[in-house]
Amino acid sequence: MANILWQDRKRYFGLPISFTKYSMSEDRLFVERGILNLEQDEVRLYRILDLQLRRSLGQRIFGVGSIIVSSSDKSLGTFEIRNIKNSANVKEMLSVQVEQQREAKRVVGREYMGNDADFDEEHDGEVF
């Protein structure tokens with residue numbers, strides 16, 4: 001099994017009384033759901049494109065928050081790590097691990113402003 005850097009459960013009213021578990025190793029993020037029938041999804045960290053932290057008033061009262069993860073993974077796509085403790089710290093740790101994995105795998109994110117037609121007209125289809 002992978003070396004686990006972080007793990008937590010989805011929480012209700014600040015208490016870990018859920019059957020959804022989250023964990024992160026050096027190169028993967030895991031989401032496990034269920035009690036009798038278990039389902040485990042994983043996404044390679046270098047496939048994560050964006051992270052967003054959300055903390056509603058109720059979440060702040062109970063000391064939890066949610067992280068919205070946008071990935072290029074086909075099975076998970078965009079998903080939410082819901083109601084976890086220390087959500088800001090976890091988001092920062094996840095962000096650092098994602099960048100380390102992207103550098104290690106030499107993955108380069110290409111983000112374009114505007115649509116493809118504008119890009120082709122300006123650069124005559126050149127690839128940088």
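Values below: all heavy atoms of this structure, side chains included; hydrogens, waters and symmetry mates excluded.
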Give a yes or no on this: more than 12 heavy atoms of other residues, nucleotides or ligands lie within 6.0 Å of atom CZ of Arg82. no
May I have the list of side-chain donor-acceptor pairs in residues 90-101 shorter than 3.5 Å, sequence neighbours left out?
unit_1, atom_1, unit_2, atom_2, d
Gln97, NE2, Glu26, O, 3.1
Gln101, NE2, Glu26, O, 3.2

Indicate, with yes or no, if Leu76 and Phe30 share a hydrophobic cluster defined by side-chain heavy-atom contacts under 4.5 Å among Ile, Leu, Val, Met, Phe, Trp and Tyr. no
Smallest heavy-atom separation, Asp8 atom then Lys85 atom, equals OD2-N, 3.1 Å
Note, Asp27 side chain near Arg44 side chain (heavy atom, < 4.5 Å): yes
For the pair Phe79 and Val43, evaluate side-chain contact (heavy atoms from CB on, under 4.5 Å) and give the outcome as yes or no after the intermediate values. CA-CA 11 Å; Phe79 63 98; Val43 61; 4.1 Å; yes
Once rounded to the nearest 0.5 Å, what's the spacing between atom CE of Met24 and atom CD of Gln7? 11.0 Å
In the single-linkage hydrophobic clustering (I, L, V, M, F, W, Y; side-chain heavy atoms under 4.5 Å), do Ile17 and Phe13 co-cluster? yes
Please set out all donor-acceptor pairs under 3.5 angstrom arising from side-chain atoms of residues 48-72, sequence neighbours excluded.
unit_1, atom_1, unit_2, atom_2, d
Arg55, NE, Val64, O, 3.2
Ser56, OG, Gln59, N, 3.2
Gln59, OE1, Ser56, N, 2.9
Gln59, NE2, Ser66, OG, 2.9
Gln59, NE2, Asn83, OD1, 2.7
Ser66, OG, Glu80, OE2, 3.4
Ser66, OG, Asn83, N, 3.2
Ser71, OG, Asp73, N, 3.3
Ser71, OG, Gly77, O, 2.8
Ser72, OG, Arg47, O, 3.3

Does the side chain of Trp6 reach to within under 4.5 Å of the side chain of Asn86, using non-hydrogen atoms? no
Just how far is it from atom OG1 of Thr20 to atom CZ of Arg9, taken to the nearest 0.5 Å? 9.0 Å
Distance, nearest 0.5 Å, that separates CZ of Arg33 from NZ of Lys21: 13.5 Å
Looking at Tyr46 and Arg106, would you say the former's side chain and the latter's main chain have a donor-acceptor pair under 3.5 Å? no
